Amino acid sequence: MAEEVKEAKEEKKGGSKKILLKEEKKGGSKKILLILPLLLVLLAGAGGAYFFLFAKKEKKEDNAPLPSQVGVMMDLGVFTVNLADRDTDAYARVSITLELSNEKVRQEVDKRLPIIKDAIIDVISSKTSSFVRTPEGRESLRLELIKRINTILFEGGVRNIYFTEFVVQTT
């Protein structure tokens, strides 16, 4: 009888061990289900951080010129021009600075300065006040001026035009 009680106790202990092992296995699968999404989120975060940190550096190198790559600057002065508005009198006061590719182009601009200034006046005076007041209009004007001046110069060489003052007045 003592042996039967002892075997029953061992079976209970063994049975409880089996139950505990089953519960631990269930808990283990729950841990995997919790760890797997956490691991995926961490990997996605690392990939996103890599993309944003390294992709921006490449874009900056492509778009922005380095300070050593800035061309020769030449101030052309202030232009006060009537605009092409039909119903009202409109005026623009624009200060322009040219960015040139090198000193040789600067010498050519000096030789052709009256022709360049005339071309600038023609282009600006052909625009309306409502056109030049918008950022898109000023950008379009900038591109048109660059193209027009580069056709006057044999070497080309105007990289950019900067409006250092831009005032439009209508009466």
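Because only heavy atoms are used, hydrogens play no part in the values below, and waters and symmetry mates are left out as well, while side chains stay in. Worth saying up front: this structure is predicted, and the values here are computed from it rather than measured.
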TODO: State yes or no: do V78 and V168 share one hydrophobic cluster built from I, L, V, M, F, W and Y residues joined by side-chain heavy-atom distances below 4.5 Å, directly or via other members?
DONE: no
Open item on the list: E139 vs R142, test: salt bridge (Lys or Arg N to Asp or Glu O under 4.0 Å). Steps then yes/no.
Closed with: CA-CA 5 Å; E139 186 61 28; R142 177 187 328 271; 3.2 Å; yes
TODO: Report the distance from atom CZ of R106 to atom NZ of K111, rounding to the nearest 0.5 Å.
DONE: 14.0 Å
- [ ] Spell out, as yes or no, whether a donor-acceptor pair under 3.5 Å connects the side chain of E99 to the backbone of G71.
- [x] yes
TODO: Could you note down all residue pairs passing ring pair (Phe, Tyr, Trp, His ring centres under 6.0 Å) where residues 126-171 supplies at least one of them, sequence neighbours left out?
DONE: F163-F166
TODO: Find the distance between CD1 (I116) and CG (D118) and round it off to the nearest 0.5 Å.
DONE: 11.0 Å
Task: Distance (rounded to the nearest 0.5 Å) between F79 CZ and I124 CD1 - done: 6.5 Å
Side-chain donor-acceptor distances from residues 145-152 under 3.5 Å, at least two apart:
unit_1, atom_1, unit_2, atom_2, d
N150, OD1, G157, N, 3.4
N150, OD1, V158, N, 2.9
N150, ND2, I146, O, 3.4
N150, ND2, V158, O, 3.4
T151, OG1, R148, O, 2.5

- [ ] Answer with yes or no whether the side chains of S125 and N82 bring together a donor and an acceptor at under 3.5 Å.
- [x] no
TODO: Examine M73 and I120 and state if one hydrophobic cluster contains both, with Ile, Leu, Val, Met, Phe, Trp and Tyr joined whenever side-chain heavy atoms are less than 4.5 Å apart.
DONE: no
- [ ] Would you name the heavy atoms of T134 and S130 that are closest together and state the gap between them?
- [x] CG2-O, 3.6 Å
For residues 88-97, please give each side-chain donor-acceptor pair under 3.5 Å, one per line with the distance, not counting sequence neighbours.
unit_1, atom_1, unit_2, atom_2, d
R93, NE, E165, OE2, 2.9
S95, OG, E165, OE1, 3.1

Task: Heavy-atom pair of closest approach, residues K127 and V132 - done: CB-CG1, 3.7 Å
Open item on the list: For a 4.5 angstrom cut-off between non-hydrogen side-chain atoms, does L113 reach L76?
Closed with: yes
TODO: Output yes when K104 and E108 qualify as a salt bridge under the 4.0 Å nitrogen-oxygen rule, no when they do not.
DONE: no
TODO: Identify whether I121 and V167 are in the same connected component of the hydrophobic contact network (ILVMFWY, side-chain heavy atoms under 4.5 Å).
DONE: no
TODO: Verify the cluster assignment for I115 and L100: are they in a single hydrophobic cluster under the rule of side-chain heavy atoms below 4.5 Å apart?
DONE: yes
- [ ] Rounded to the nearest 0.5 Å, what's the gap from CG on D110 to CD on Q107? Could you check?
- [x] 7.5 Å
Open item on the list: How close do S129 and T170 get, counting heavy atoms only, and between which atoms?
Closed with: OG-CG2, 3.7 Å
